[in-house]
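Just so you know, ligand 1 is whichever comes first in the structure, and atom 1 is the first atom listed for that ligand.
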Amino acid sequence: MRKRLTITNLKKMKQDRNAISVLTAYDYPSAKLAEEAGIDVILVGDSLGNVVLGYDTTIPVTIDDIVYHTRAVARGAQQTFIVADMPFMTYGIGRESTLRNAAKIMQEGGAQAVKLEGGADIASDVSALVKAGIPVMGHIGLTPQSVHQLGGYKVQGKLDADAERLMNDAKALEEAGAFSIVLELVTEPLATMISEMLTIPIIGIGAGRGCDGQVLVYHDILQYSSPYFEKKFVKTYADIGTTIRNAIQSYVEEVKSGQFPEEAHVFSAQPAAIPALYGGANEGQKDPVNDKKDLPKKGVRLT
Ligand code: KIV
């Protein structure tokens, strides 16, 4: 069984040019499958608001949502390094509440690290968390919690001034003690420059090929949504959405046509045992298969 990576291992992977694979997961089966597939890091992203809870943005996601989902992920991926997002307004609003919220995610959720959106503006929070012994992953570029401030989901760092600001943000996060940074929706040349400039791993999403690792959303690489919206930076590895819809459609059709259940799906019982379940009536008096009012009460198992 492989061992859970540490932040030291992740920094070494950058030095060794060993690309870091990160995928989001939000529940027990997604975490277990990701771990079995050999993912390096699982992120319990607040993207759960969009892909699991049906919100338009990540803003409504609460600390309790993150803790609940992280706990399920931690049960499913016991050998994988788990990072969980600090939701909107659970940091940057006072040192004490930032520390308390991060502690809740780690103690109750079981994450090994937290992720915060923002650069130089949240560097002092990052530094306080790190001093308290909490590993922090930064997140700059397109930061979905500020989508209304940014004016939409747009590629960041295209203008010189924005590129310079992002470089300063990345440096500020590294200096504050972040062990890694997610760089979202940034041009490839800028992302490559930032990755080369810093010693901590830069994990890109829509940030091109020059980063030290990549992160994508579970539901995106599997087309596990309806409707599915194509994103330029995502590669689809399976179309699970269509597979699930078709499977459920077949189930509905077979239930309605009587094709399911088949012989193979039913339990038989010794003929003498069935009357006993109906209060000890004489054998042959009742026909529970053909006489529906005589069907066993819920909870009676015929095995
Ligand atoms: O919430 C999330 O899933 C994320 C990734 C997109 C990096 O922050």
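Short contacts between ligand 1 and H139, defined as distances under 4.0 Å to a heavy atom of the residue, involve ligand atoms 8 (O). Of all the atoms in ligand 1, the ones that sit under 4.0 Å from a non-hydrogen atom of G45 are 1 (O), 2 (C), 3 (O). Close contacts between ligand 1 and T24 involve ligand atoms 3 (O) [criterion: under 4.0 Å to a heavy atom].
The protein non-hydrogen atom at the shortest distance from atom 3 (O) of ligand 1 is S47 OG, 2.5 Å. The shortest contact between atom 6 (C) of ligand 1 and any protein heavy atom is with I205 CD1, 3.6 Å.
For Y68, the OH atom counts as loosely surrounded, since its 6.0 Å shell holds 12 or fewer non-hydrogen atoms of other residues, nucleotides or ligands.
When atom types are taken as modelled, the side chain of E174 and the backbone of L198 share no donor-acceptor pair closer than 3.5 angstrom. Q78 places a side-chain N or O within donor-acceptor distance of the main-chain N or O of R75, the cut-off being under 3.5 Å.
When heavy-atom distances to ligand 1 are checked against a 4.0 Å cut-off, D85 comes that close only through its side chain, counted from C-beta outward.
Considering backbone and side-chain atoms together, K115 places an N or O closer than 3.5 Å to an N or O of ligand 1.
Relative to atom 5 (C) of ligand 1, the option among V83, L43, D46 with the closest non-hydrogen atom is L43.
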Report the C-alpha distance between D16 and K12 in whole Å, list the side-chain angles of each, state the deciding distance to 0.1 Å, and finish with yes or no for salt bridge (charged side-chain N to carboxylate O under 4.0 Å, His left out). CA-CA 6 Å; D16 296 345; K12 175 85 168 49; 2.8 Å; yes

Could you please spell out the steps behind the salt bridge (charged side-chain N to carboxylate O under 4.0 Å, His left out) verdict for D46 and K115? CA-CA 10 Å; D46 59 359; K115 177 165 79 61; 5.4 Å; no

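Using cut-offs of 30° and 60° on the angle between ring planes, the pair H219 and Y224 is parallel.
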